[in-house]
Amino acid sequence: MILPLPDGDFQAYLFDCDGTIVDSMPQHHATWRQALAEWGCDLPEELFYAWAGRTVADIVADLNERHGLAMPVGAVAARQVALYQQLLPTAAGVPGVLRHIEDAHGRIPFAVVSGSTRDSVTASLSALDLLDRFDVLVCAGDYARPKPDPEGFLLAARLLGVPPQSCLVFEDADLGIQAATAAGMASVRVPQPRRG
């Protein structure tokens, strides 16, 4: 099923990565839990999905505060990415989004705006043979304020040379939809795939 788009003459498409282009949220949750367990910490599924779109640094900082821990952000992030890359072959593309990528590629520029690390985003897109479709990748560390702040989306629009109001955002997370709205961009809500 192709996702319906809002009316408008859009000059660029901006995509979240995990849960939007790549149906990778179950793999991310599993690898987060595995990485955090090594530090005696857990990330329940409900909280994981509520925090979708947040950066690794923010998640680790909040978990440290909640549980009185001092997990090093870099080490936890590196471990989660390494574990995730092992599971990447089990991730698939989100069909309704892939259709839009195929249909519009070459006509308008694309960017990814993600709270994940550049290594994680690059690995995900490469696993689906999509990396070459994207003109710009805006990842954790490229901007200071994570979603729902619009900074990441505004940076992507600036790098593409497209006015924010001419960008269409594809997002699966509430924080991402809020960030797109704050950036003055139209958005398409990507529903979570049904799990059997």
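Fair warning: this is a prediction, and the values are worked out from it, not measured in the lab.
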Beyond-backbone contact of [X] with [Y], side-chain heavy atoms, under 4.5 angstrom:
{"X": "Leu87", "Y": "Ser24", "answer": "no"}
{"X": "Gln11", "Y": "Pro163", "answer": "yes"}
{"X": "Val76", "Y": "Trp32", "answer": "yes"}
{"X": "Ile21", "Y": "Phe134", "answer": "yes"}
{"X": "Thr122", "Y": "Leu131", "answer": "yes"}
{"X": "Arg79", "Y": "Gln34", "answer": "yes"}
{"X": "Leu36", "Y": "Met71", "answer": "yes"}
{"X": "Phe48", "Y": "His28", "answer": "yes"}

Give me the atom names and distance for the closest heavy-atom approach of [X] to [Y].
{"X": "Cys167", "Y": "Ala157", "answer": "SG-CB, 3.8 Å"}
{"X": "Ala183", "Y": "Pro164", "answer": "O-CB, 3.4 Å"}
{"X": "Phe110", "Y": "His100", "answer": "CZ-O, 4.3 Å"}
{"X": "Val73", "Y": "Ala57", "answer": "CG1-CA, 3.7 Å"}
{"X": "Gly176", "Y": "Phe153", "answer": "O-CE1, 3.5 Å"}
{"X": "Ala91", "Y": "Val22", "answer": "CB-CG1, 3.9 Å"}

Next on the checklist: Before you tell me yes or no, could you show the steps for Leu160 and Leu14 under side chain to side chain contact (heavy atoms under 4.5 Å, CB included), namely the whole-Å CA-CA distance, both residues' side-chain angles and the distance that decides it to 0.1 Å?
Outcome noted: CA-CA 10 Å; Leu160 291 174; Leu14 311 183; 3.7 Å; yes

Next on the checklist: Applying side chain to side chain donor-acceptor pair (under 3.5 Å) as the test, list every pair that has at least one member in residues 55-72; sequence neighbours left out.
Outcome noted: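 Checked against side chain to side chain donor-acceptor pair (under 3.5 Å) - neighbours excluded - the pairs reaching residues 55-72 are Arg54-Asp62.
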
Item to check | Summary of side chain to side chain donor-acceptor pair (under 3.5 Å) pairs that have at least one residue in residues 127-142, sequence neighbours excluded | outcome: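 Pairs touching residues 127-142 that pass the test: Arg118-Asp142.
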
Using atom types as modelled and distance alone, determine if a side-chain donor or acceptor of [X] lies under 3.5 Å from a backbone N or O of [Y].
{"X": "His29", "Y": "Leu43", "value": "yes"}
{"X": "Lys147", "Y": "Gly152", "value": "no"}
{"X": "Arg189", "Y": "Glu171", "value": "no"}

Gap between atom [atom2] of [Y] and atom [atom1] of [X] - 0.5 Å precision:
{"X": "Arg33", "Y": "Glu38", "atom1": "CZ", "atom2": "CD", "result": "13.5 Å"}
{"X": "Met25", "Y": "Glu45", "atom1": "CE", "atom2": "CD", "result": "10.0 Å"}
{"X": "Asp16", "Y": "Asp172", "atom1": "CG", "atom2": "CG", "result": "5.0 Å"}
{"X": "Cys41", "Y": "Leu63", "atom1": "SG", "atom2": "CG", "result": "4.5 Å"}

Is it the case that one hydrophobic cluster holds both [X] and [Y], taking links as side-chain heavy atoms less than 4.5 Å apart, direct or via other members?
{"X": "Val81", "Y": "Ile59", "result": "no"}
{"X": "Phe10", "Y": "Leu159", "result": "no"}
{"X": "Phe170", "Y": "Met185", "result": "no"}
{"X": "Leu168", "Y": "Leu130", "result": "yes"}
{"X": "Ile108", "Y": "Leu3", "result": "yes"}

Next on the checklist: Val121: which residues meet the side-chain contact (heavy atoms from CB on, under 4.5 Å) condition with it, sequence neighbours left out?
Outcome noted: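 Once residues adjacent in sequence are excluded, the partners of Val121 under the side-chain contact (heavy atoms from CB on, under 4.5 Å) criterion are Cys17, Val112, Ser114, Ser116, Leu125, Leu137, Cys139.
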
Checklist entry - Considering residues at least two apart in sequence or located in another chain, which fulfil the side-chain contact (heavy atoms from CB on, under 4.5 Å) criterion with Gln178? => result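 Once residues adjacent in sequence are excluded, the partners of Gln178 under the side-chain contact (heavy atoms from CB on, under 4.5 Å) criterion are Pro148, Asp174, Leu175.
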
Item to check | Trace of the side chain to side chain contact (heavy atoms under 4.5 Å, CB included) decision for Val188 with Phe15 | outcome: CA-CA 10 Å; Val188 175; Phe15 299 85; over 6 Å; no

Next on the checklist: As a quick check of understanding, evaluate side chain to side chain contact (heavy atoms under 4.5 Å, CB included) for Tyr13 and Leu5, giving each step before the final call.
Outcome noted: CA-CA 11 Å; Tyr13 287 172; Leu5 301 184; 3.4 Å; yes

Next on the checklist: Please enumerate all residues that pass side-chain hydrogen bond (donor to acceptor under 3.5 Å, both in side chains) together with Gln27, with sequence neighbours excluded.
Outcome noted: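 Partners of Gln27 by the side-chain hydrogen bond (donor to acceptor under 3.5 Å, both in side chains) criterion, ordered by chain and then number, come out as Thr90.
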
Checklist entry - Can you list the residues that meet the side-chain hydrogen bond (donor to acceptor under 3.5 Å, both in side chains) rule with Tyr84, with sequence neighbours excluded? => result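 Partners of Tyr84 by the side-chain hydrogen bond (donor to acceptor under 3.5 Å, both in side chains) criterion, ordered by chain and then number, come out as Ser124.
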
Item to check | side chain to side chain contact (heavy atoms under 4.5 Å, CB included) evaluation trace for Thr20 with Val94 | outcome: CA-CA 6 Å; Thr20 298; Val94 176; over 6 Å; no

